[in-house]
Amino acid sequence: MAQFKSETQRANFVKQEEEILEQWDREKTFERSVDSRKGGEQFIFVEGPPTANGLPHPGHVLTRVVKDLVLRYKTMRGFYVKRKAGWDTHGLPVEIEVEKNLGIKTKGEIEAYGIEKFNKKCKDSVFRYEKEWVTATKRVGFWVDMDSPYITFDTNYVESVWWSLKEIWKKGLLYKGHKVVPFCPRCETTLSSHEVAQDYRDVEDPSVYVKFKLKQDEELYLLAWTTTPWTLLGNIALAVHPSNTYVKVKLKDGAKGEILILAEARLDALDDEYEILERFKGKDLEDREYERLFEYAKVEGGEAHKVITAEFVTLDEGTGIVHIAPAFGEVDYEVCREKKLGFSQPVNSEGHFTDEVPPLEGMFVKDADRQIIEMMEQRGVLYKESKYLHSYPFCWRCGSPLLYYARESWFIAMKSLRDNLLANNEKINWYPAHLKHGRFGNFLDGIEDWALSRERFWGTPLNIWLCTECGKDFCVGSIEELKERATNTVSSDPHRPYIDEVVLRCEDCGGEMRRVKDVIDCWYDSGSAPFAQWHYPFETDKFKQNFPADFITEAIDQTRGWFYSLLAVSTAIFDEPPYLNVLSLGHILDENGVKMSKSKGNVVDITSIFDNEGADALRWYFFTAGPLSDDVRFSEQGIVEKQKKFLNTFWNSYFFFVTYAAIDEFNPKAKEIPVEKRNAMDRWIISRWNTLTNEVIAAIERFEIHVAARKIEDFVVNDLSNWYIRRSRRRFWIQEENFDKDCAYLTLYEVLVSLCKLLAPFVPFLTEHIYQNLVMSEDKHESVHLCDYPSTDETLIDAELEDSMLLVSKLVEAGRRARSDAGIKIRQPLKDVVVVCSAEKQDKVASLAVIIKDELNVRELKLEDAKGEFAAAEEYKQIEVDEDTALFLNTGLDKELIEEGIVRDIVRRIQGMRKDIDLEYTAKISIMYEGDEAVKEAINNFTDYICGETLAVELKEGIPSAESDQIYVKNWKIDKKEVHLAIEAA
RNA sequence: GGGCUCGUAGCUUAGGCUGGUUGGAGCGCUCGGCUGAUAACCGAGAGGUCCGGAGUUCAAAUCUCCGCGGGCCCA
């Protein structure tokens, strides 16, 4: 039979991982691992699609290894786990990347360049870093099917998205309205909220207090405040808080004795002395009409210039009277819509005043502030003016101040689905749990309609056609329907500009129908993944078998991103939750706790981690760092430490085993020894392993990955390596056939193999490497990833034994402390140690007495009842272990003990010398020595012991003075005695 | 500005839900020991305003409130 392959003491993890990768590729291990579970219960996963137009960074790698861990685990637990990769390919970020490359900035420039060419570039750009993504994904060990991924620009995908929008349209949930969006007047484009967040600056704006004269009352003014005077041209209403107190005040002097109204809490805003004439609630002002400030702009669609009440009015700043301009503020727009007020838009799409405002026509709004203030002053409606410092958003591309500006937009009426969203959210398990009713639940509570359309180029075209004659809208739900209804040819590419050419016939009036020029928000694309990846409903089965998902995971920023868009789309169409468990991950910060970003230049290059420490070290670092929901301060040093502490220790446990198993030609298949026949150490480590397995599975099921990983690490480092193997070493060194040695081999072998399985989802490379060498198979490789996940054998858990061992380790600790206090090193044997404890503990200690004697290097262990009065002689050193346990160490020495101490020192030195000259473990040697009488006598009395320990065939006095390459000489000082030792291979 | 979350030794962290001996551990540091699997390990030591403040309580790292700082989302 095949022998275990021998290993080097220091592992080359990176090289091993690369070999494993090749092997997985060659042997299609991933495909086999999935296929082997066909017929098993499904565990459904949906991949949150990344965009491959930038390099993957550590955060992406984290989500990928977490996905991988859970999916490998579930697979090993017997579930059939399909893993379709996905790519998010549409959207503004892609367009911006292309604009940059083309050196253009405005929509006009794009149109001049040609939408066809532009979109072609977008399509190419999307996969610019595909190779890097695929490489990193494979390298980190994420098993996902990248050969047949879903791609959001695919015609099939687009068709499914169209179908879903038609469902929403049929339910009457798709409507056209206005949305106030941040708009860059220079780039002529709206900005996403993400882009807006990129450049907030503290700026000084004019702070103006404006008097609005109430109708019917002479010289009675409402005092309003604004920092954007140019928006006053679009004023439609003034808002007050319904229940706050407002006052009518008479200004004492310098201000013509006029009378103003403002919130009582904001009287500080007045510069003048005043007298309060009257107090009333904001509600009392409702519906009072006031005179327009400027008579220029047209007002359409409703009433205007009256006082309304609104809860959002605050008393933190201003006057408690808020100027409302629906064209320039989101809240303004909403409240006007609610109160059915009119709309006024005196500014064009480049941010210049239109001809509705002759004195300012053609002026850029921000530049008009000065002139507007002067105009107000002339009319006597300006109460006062000052400067105001606040943070205001700027265009991150060109640095222009952004304007908030009402644009036409298509909406999904999510507000009307609020209760359904909340009900579906109840069916979802959130990790961490606080998100469910915290961040996410609160967000759903205050949900707004989804502004779906984007006035852009590269995206899923909005599938709505409008009749140019009668204005009727029609939503196309499939390619087939499009072809049926089209009066001209339909391109096979559903994108702009081809789709823009398709003309339909209006069923009502026979007029021409043309498509709305917009594309849709790419979040809707990815939110459609559960069905669109299967081209539902055009291919039915696959979707039905894969919905809803059992598990998704992404980082915390996706709560209002993908986590929401999935729920929103699924609720609107199926009224079901699209996923049942969602794991939200923290972010990767740099070493100083600051977010990694390109602009700060602190993004860690993940490929160098792969090349230096390897994927397993990185994975283990992530899994043990802390709860997955917490942010991680990423440090390469931390990864190196994990490698040293955990991977090396695991490797060395394995290395120890194969090294001796090779020497002994141990064959695990030839032995079968029931656990109960093995010794206490064996039964203990097996019990510990079974306890561990229980804990690990429970923790993974709770998504407490760090708890599982840390428990395994503790087991490997402390229980297995530093206790079981260290304590059992001598059993492996026995040269002849021996039952106890077989027990040790078998136990260590079983634990290592089981550990490989337990650890396989965590560190898939190292476990594969070790497993394949341990589980020998001549014809083909078996993979650890094709194994079943281990389960606990409760009959092998011996709680009492685990307990006893704990007590033993405490006693050993105490004994060492006693030695340390008495200044007697461990190599010096001592006569006895006395343990005073309860009868119950005595039994436990007695069963493991050998271990204590050996660890403490004492000849005898005596037990005394705690109740009895143990009178220790003078030479006993006492140490308290716990309330009812004490340990007494006999520090008295006699000649024999001293001699043995010397001898053990000599053996230790010789072993060190063997190591110095790299002797094989099994090589025989000759020993030569020189020393004083005491040394000579000790050596003579313990010749057999020395020879046995050091594999010496000869032990003689005198070291040849002649230089020889064969002889290795070293001079030592043992307890202040000069000792010269020499060894030579025999 | 709002919501959520995190903040424990130089660094990484346990404990916190359920308040109760001197707040544990690892890395690093000092001293000593052990070592033919392990740049490993063991013993002792130095190192803590448990972010700050207030409150509840006989008792607060833990519960409550207000701040400060990091992160995310929203404005």
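Every value quoted in this text rests on a predicted model; they were computed, and no experiment measured them. Just so it is clear, the values below take in all heavy atoms, side chains as well, and ignore hydrogens, waters and symmetry mates. Throughout, protein chains are lettered first and strands after them, A, B, ... in sequence-line order, and every chain is numbered starting at 1.
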For A/Glu448, give me all partners under salt bridge (Lys or Arg N to Asp or Glu O under 4.0 Å), at least two apart in sequence or on another chain. A/Lys415
With respect to the phosphate group of B/A44, does any side-chain polar atom (N or O) of A/Arg817 fall under 4.0 Å of OP1 or OP2? yes
Categorize A/Leu435 for me: base, sugar-phosphate, or nothing, with a 4.0 angstrom heavy-atom threshold over every strand shown. nothing
Answer yes or no: does a side-chain N or O of A/Tyr654 lie under 4.0 Å from OP1 or OP2 of B/A37? no
Give the nucleotide from the list B/C4, B/C6, B/G71 with an atom nearest to the side chain of A/Asn442. B/C4
Would you indicate what A/Ala555 reaches in the nucleic acid, counting non-hydrogen atoms under 4.0 angstrom: base, sugar-phosphate, or nothing? nothing
Within the structure provided, determine whether A/Ile609 and A/Phe634 are in side-chain contact (heavy-atom separation under 4.5 Å). yes
Toward the 5' end of RNA chain B, by each residue's nearest nucleotide, A/Val331 or A/Glu920: A/Glu920
Do the charged groups of A/Lys711 and A/Asp719 touch, with an N to O distance under 4.0 Å? no
Using atom NZ of A/Lys436 as one end and atom C1' of B/C4 as the other, report the distance to the nearest whole Å. 17 Å
In whole angstroms, the gap separating C1' of B/G26 from CD of A/Gln643 amounts to 17 Å
With sugar-phosphate meaning primed atoms plus P, OP1 and OP2, does A/Gln911 contact a base, only sugar-phosphate, or nothing at under 4.0 Å between heavy atoms? base
Does B/A14 have its OP1 or OP2 closer than 4.0 Å to a side-chain nitrogen or oxygen of A/Arg710? yes
Atom pairs, N/O to N/O, protein against nucleotides 39-42 of chain B, distance under 3.5 Å?
unit_1 : atom_1 : unit_2   : atom_2 : d
B/A39  : OP1    : A/Arg10  : NH1    : 3.0
B/A39  : N7     : A/Arg10  : NH2    : 3.0
B/C42  : O2'    : A/Arg816 : NE     : 3.3
B/C42  : O2'    : A/Arg816 : NH1    : 2.9

Taking the same atom, C1', in B/U22 and in B/C72, what whole-Å distance lies between them? 39 Å
Partner of B/U21 under the Watson-Crick or G-U wobble criteria, both distances under 3.5 Å, comes out as none
Provide the Watson-Crick or G-U wobble partner of B/C65, both distances under 3.5 Å; none if there is no partner. B/G53
With sequence neighbours excluded, what pairs up with A/Glu554 under the side chain to side chain donor-acceptor pair (under 3.5 Å) test? A/Lys67
Here the distance between atom P of B/U13 and atom NZ of A/Lys642, to the nearest Å, is 10 Å
Base-pairing assignment for B/C27 (Watson-Crick or G-U wobble, both under 3.5 Å): B/G10
Under 3.5 Å for both donor-acceptor distances, Watson-Crick or wobble: does B/A60 have a partner, and if so which one? none
note: A/Arg909, atom CZ; B/G33, atom P; distance rounded to Å ~ 10 Å
Measuring only the P atom in each nucleotide, how far is B/G26 from B/C68? A whole number of Å is fine. 37 Å
In whole Å, what separates the P atom of B/G23 from that of B/C42? 23 Å
Output all residues satisfying side chain to side chain contact (heavy atoms under 4.5 Å, CB included) with A/Val858, sequence neighbours left out; order by chain, then residue number. A/Leu830, A/Val833, A/Lys853, A/Leu856, A/Leu889
Would you mind checking if A/Lys642 and A/Glu613 are paired as a salt bridge, meaning a charged N to carboxylate O distance below 4.0 Å? no
Going by the rule ring pair (Phe, Tyr, Trp, His ring centres under 6.0 Å), which residues pair with A/Phe655 if we only count those two or more places apart in sequence or in a different chain? none
Using atom C1' of each nucleotide, how far apart are B/G28 and B/A9 to the nearest Å? 11 Å
Give one of base, sugar-phosphate or nothing for A/Arg827, where a contact means two heavy atoms less than 4.0 Å apart. sugar-phosphate
Work out how far the C1' atom of B/G52 is from that of B/A61, and round it to whole angstrom. 14 Å
Between atom CG in A/Leu856 and atom P in B/C34, what is the gap in whole Å? 13 Å
Please name all residues satisfying side chain to side chain contact (heavy atoms under 4.5 Å, CB included) with A/Glu641, sequence neighbours left out, ordered by chain then number. A/Gln637
How far does the C1' atom of B/C51 sit from the matching atom of B/A60, given to the nearest Å? 16 Å
What is the base-pairing partner of B/C34, counting Watson-Crick and G-U wobble geometry with both distances under 3.5 Å? none
Mate of B/A39 where both pairing distances stay under 3.5 Å, Watson-Crick or G-U: none
For nucleotides B/G3 and B/G10, find the distance between their C1' atoms and express it as a whole number of Å. 34 Å
Please tell me if the side chains of A/Phe657 and A/Ile725 come closer than 4.5 Å, counting only heavy atoms from C-beta onward. no
Watson-Crick or G-U wobble partner for B/A46, using a 3.5 Å limit on both distances? none
A/Glu813 versus A/Glu855: any side-chain heavy-atom pair under 4.5 Å? no
So, are A/Asp905 and A/Arg909 salt-bridged, with charged N and O less than 4.0 Å apart? yes
What's A/Phe657 touching, base or sugar-phosphate or nothing? Going by heavy atoms closer than 4.0 Å. nothing
side-chain N/O A/Arg633 vs B/U12 OP1/OP2, d < 4.0 Å: yes
Taking for each residue the nucleotide of RNA chain B bearing the nearest heavy atom, is the 5' side occupied by A/His706 or by A/Asp630? A/Asp630
Contact class for A/Thr950 (heavy atom, under 4.0 Å): base, sugar-phosphate, or nothing? nothing
Separation of B/U5 P from A/Leu628 CG (nearest whole Å): 18 Å
Nearest of B/C72, B/A37, B/A14 to any side-chain atom of A/Asp557? B/C72
Which whole-number value in Å describes the distance from A/Leu585 CG to B/G71 C1'? 14 Å
Whole Å only: how far is the CD atom of A/Glu554 from the P atom of B/C73? 14 Å
Return the nearest nucleotide to the side chain of A/Arg439; candidates are B/A37, B/C27, B/C73. B/C73
Within the structure shown, what part of the strands sits under 4.0 Å from A/Trp651 by heavy-atom distance: base, sugar-phosphate, or nothing? nothing
Would you measure the distance from the C1' atom in B/G24 across to the matching atom in B/G48 and give it in whole Å? 12 Å
